[in-house]
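Okay, structure first, notes after.
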Protein chains: 2
Amino acid sequence: MTASHHEMFQDYLARKRLKMTPQRRAILDVFLSVEEHLSSEELYAKVKQVDPSIGQATVYRTLKLLADAGFAWVVDFNDGVTRYEHQVGHAHHDHLICERCRTNIEVVDPEIERLQEDLARRHGFVLTHHRMYLYGLCQDCRGKTAP
Amino acid sequence: MTASHHEMFQDYLARKRLKMTPQRRAILDVFLSVEEHLSSEELYAKVKQVDPSIGQATVYRTLKLLADAGFAWVVDFNDGVTRYEHQVGHAHHDHLICERCRTNIEVVDPEIERLQEDLARRHGFVLTHHRMYLYGLCQDCRGKTAP
DNA sequence: TTCACTGCAAAAGATTTGCACCCTC
DNA sequence: GAGGGTGCAAATCTTTTGCAGTGAA
């Protein structure tokens, strides 16, 4: 399984005339082993446990590469830190957020997904990904008075 | 028209026990006069044309304030710069963003809007607003090689 | 009079880059 | 052997903050 990811990455690198290195292999392995989104900083900390000689700049550079290669998705919490997640075993989802209690429900609507592609295509775009945040009030909070 | 915005802002400030200042007034005016999204940097440049004595930190601070007050919305293009837009006289729209050239097309799809409401209702939510960002490659950039 | 506000400059934090050496392909 | 890759440190870039003076309420 991990072997096939190495192969896929290897292929990607070959296509771009880039090279596979022990560092890139190590960073990919650590990245795929974590089932949550990670900042470059956080990944760097974990990578150092495996190989302390790897530098932070290499982690930044490799994470960008993994994003280009399609192994990593950018997740933006709008707090100044870029986070990445891999979708191996992960499904895409959008967010339904209650403005009062901050409850966050992960949702997916296949029809909306399809219409997003259509909409983009009408404008000549090919989508790589999207983010959708729906804000409102949940059932519980709707009954209560404002805080 | 602008006067009423001053009043609304004034009210907001009073409620929060904050103060109206010439700087805040000037920044609000300039912000509302621009019909596109602006970064703090860009707004600062425009504000300086009106009053060169206003500092950049004040623009950053005021923009945050305007966002809290509901005059400004954060628009996130995922490129490390926070942008703001006002919705005075603006219809709601979503964003179709080219990841290469950063072109931003404002889009609305009534069917998607409707399905969003449906989706929310199925989860017991009533929506107040939403943000949708579609990321991809535009027609022009799709032909070019990576930078 | 009282604090919030401001400009400035320094600080902070995240990410990028220049460089000399290293090592895949 | 050629050219991409790496670690390190310095450099950038955006945004925040400390401070001493200013001014709105």
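Numbers restart at 1 for each chain; the letters A, B, ... are given by sequence-line order, proteins then strands. Just so it is clear, the model here is predicted, and its values are computed rather than measured.
Between B:E42 atom CD and D:dT15 atom P there is a gap of 11 Å when expressed in whole angstrom units. Distance B:I27 CD1 to C:dT6 P: 7 Å, rounded to the nearest Å. The distance between atom CD of B:E41 and atom C1' of D:dT12, rounded to the nearest whole Å, is 13 Å. In this structure, CD of A:Q56 is placed 15 Å from C1' of D:dA11, rounded to the nearest angstrom. Protein atom CG of B:L13 is 10 Å distant from nucleotide atom P of C:dT6, rounded to whole Å. Residue A:L63 contributes atom CG, which lies 16 Å from atom C1' of D:dT6 at whole-angstrom precision.
Counting non-hydrogen atoms under 4.0 angstrom, A:S53 reaches the backbone sugars and phosphates but no base.
With sequence neighbours left out, A:D118 forms a salt bridge (charged side-chain N to carboxylate O under 4.0 Å, His left out) with A:R114, A:R121.
For the 3.5 Å distance criterion, the side chains of B:D29 and B:H6 qualify, holding a donor opposite an acceptor.
Projected onto DNA chain D by closest heavy-atom contact, A:Q23 and B:G80 fall at different nucleotides, the more 5' of which corresponds to A:Q23. Each of B:G55 and B:R17 was matched to the nucleotide of DNA chain C holding its nearest heavy atom; the match closer to the 5' end belongs to B:R17.
In summary, A:R122 and B:D109 engage in a salt bridge, as defined by a charged side-chain N under 4.0 Å from a carboxylate O.
Aromatic pair A:F9/A:F71: centroids less than 6.0 angstrom apart.
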Subject >> Protein proximity profile, nucleotides 18-25 of chain D - base contact B, sugar-phosphate-only contact S, no contact -, cut-off 4.0 Å on heavy atoms >> reply: B----BBS
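The side chain of B:Y60 contributes no N or O atom lying less than 4.0 Å from OP1 or OP2 of D:dT16. The side chain of B:S40 contributes no N or O atom lying less than 4.0 Å from OP1 or OP2 of D:dT15.
Scanning both residues, A:I54 and A:Y44, for their nearest heavy atoms gives O-CE1, 3.4 Å.
Between B:W73 and the choices B:H93, B:H129, B:H130, B:H86, the ring pair (Phe, Tyr, Trp, His ring centres under 6.0 Å) rule is met once, by B:H129.
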